[in-house]
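Right, one structure below, let's go through it.
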Amino acid sequence: MKGLMLKDYYTLLKQLKLYLVFIVILSVIPNTNLSSIAIVYAAMLPITVIAYDERSKWDQLAVMMPYSKRELVFSKFLIGYVGVAVCMLLSLGLQAAVGAFGGQPFTEETVLAIILTSFAGLILLALNLPFMFWLGVERGRVVFMVLIAVTVFLGMMSAESAKKVLELSTITPEMLIGIGALAAIAVNVVAITVSFKLYQKKMV
C-alpha cells in the first residue's frame with residue numbers, strides 16, 4: 001500500500017504544489033464558501049490519479065505487481081481521505097489565524113460548516129469513484145460534474161444551514177458532526193465494496 005501511495009503522490013506532485021497555494025489563498029479569505037470549494041477540490045484528487053493511470057495503462061502493469069485488487073481500489077479512496085483531512089485542518093487552522101490576527105470572527109458555525117463540508121466531500125468521493133471504476137474517467141465525467149455542482153452548492157449553504165438548524169432545533173453541534181461522520185463512513189464502506197466488485201469485473 002505504501003508503494004501505491006508513493007506512486008500516486010509522485011503522479012500528483014506538481015498538482016499538489018499548486019493545490020497547496022490554492023488552499024492557502026482560499027482559506028485565509030474569511031469566507032466559509034471558499035474553504036468549501038477547496039475541500040471539495042481535495043476530494044477530486046483521486047480522479048486525477050485514475051485519469052493518469054488510464055492514459056499510462058497502469059492497470060495492465062499493476063496485474064504483474066504484488067498488489068491485490070483490493071489494495072489498488074482502496075489506495076484511490078485513501079488519497080481522497082488524506083486530501084480532505086489535510087484540507088480541513090488547513091482551513092480550520094488558517095481561518096482561526098485570520099480570526100485571531102485579522103479581526104474576523106471565527107465562530108462555532110464556521111468550524112461546524114468546515115467539518116460538515118469535509119464529510120460532504122467524503123460522500124462525494126464515495127459516490128463518484130464507483131462510476132470512475134465502472135465507466136472510466138472520460139465517460140464518468142458527466143456524473144462527476146453533476147456531483148461536484150451539487151456538493152459545492154451544499155457546501156456553500158452549509159454555514160447558514162448549520163446556524164439555522166442549531167437555532168431552531170435541539171440538535172447540538174456534536175450531534176450534527178456525529179450524523180455527518182456516520183453518513184460519510186456508511187456511504188464509503190458501501191462505495192469501497194461496490195468499487196472493488198466493479199474493478200474485478202473490469203480486470204477479468
Side-chain angles (χ1 to χ4, degrees), residues 1-17 19-20 23 38-90 115-148 150-152 154-155 177-204:
M1 183 67 73
K2 182 179 178 181
L4 289 173
M5 295 299 293
L6 284 173
K7 186 272 293 182
D8 292 338
Y9 167 75
Y10 288 122
T11 299
L12 290 170
L13 187 58
K14 290 183 179 180
Q15 184 169 338
L16 285 173
K17 291 178 181 178
Y19 170 67
L20 183 60
I23 180 57
I39 291 170
V40 170
Y41 183 82
M44 296 164 50
L45 293 176
I47 312 305
T48 302
V49 175
I50 293 174
Y52 280 121
D53 286 352
E54 286 184 356
R55 284 197 289 269
S56 63
K57 307 297 182 184
W58 159 252
D59 289 335
Q60 297 173 18
L61 296 174
V63 173
M64 299 180 289
M65 297 183 178
Y67 299 120
S68 68
K69 291 183 175 66
R70 197 174 297 277
E71 287 177 319
L72 292 170
V73 169
F74 184 69
S75 66
K76 300 301 184 287
F77 282 87
L78 192 56
I79 294 167
Y81 299 157
V82 172
V84 170
V86 170
C87 185
M88 180 188 72
L89 293 175
L90 276 174
I115 293 174
L116 292 179
T117 300
S118 299
F119 291 146
L122 295 177
I123 292 172
L124 166 69
L125 175 73
L127 294 175
N128 197 25
L129 281 186
F131 286 101
M132 295 298 163
F133 284 116
W134 178 33
L135 301 173
V137 173
E138 290 304 318
R139 288 188 294 170
R141 199 175 298 277
V142 175
V143 177
F144 170 68
M145 295 306 295
V146 171
L147 290 173
I148 285 292
V150 172
T151 306
V152 170
L154 291 176
I177 291 173
I179 292 169
L182 288 174
I185 291 170
V187 174
N188 273 270
V189 168
V190 173
I192 290 170
T193 303
V194 171
S195 296
F196 174 62
K197 291 181 178 179
L198 290 171
Y199 189 77
Q200 276 187 313
K201 290 181 179 179
K202 180 180 176 181
M203 297 305 295
V204 172

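Since this is a predicted model, take the numbers as computed values, not measurements.
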Q | A43 versus L124, closest heavy-atom pair with distance | A | CB-CD2, 4.2 Å
Q) Taking the side chain as C-beta and beyond, is there a heavy-atom pair between V49 and I79 under 4.5 Å? A) yes
**Q.** Atom pair CG/CG of L127 and L122 - distance to nearest 0.5 Å
**A.** 11.0 Å
Q. Is there a side-chain contact between L125 and Y81, using heavy atoms and a 4.5 Å cut-off?
A. yes
Q: Measure across P130 and L198 and return the closest heavy-atom pair with its distance rounded to 0.1 Å.
A: O-CD1, 3.4 Å
(Q) Before you tell me yes or no, could you show the steps for I177 and F119 under side-chain contact (heavy atoms from CB on, under 4.5 Å), namely the whole-Å CA-CA distance, both residues' side-chain angles and the distance that decides it to 0.1 Å? (A) CA-CA 9 Å; I177 291 173; F119 291 146; 4.0 Å; yes
Q | Closest heavy-atom pair and its distance - S195, F77 | A | OG-CZ, 3.5 Å
Q: Mind listing the closest non-hydrogen atom pair of V187 and A126 along with its distance?
A: CG1-CB, 3.5 Å
**Q.** side-chain contact (heavy atoms from CB on, under 4.5 Å) partner of L129, the single match among N188, V73, I47
**A.** I47
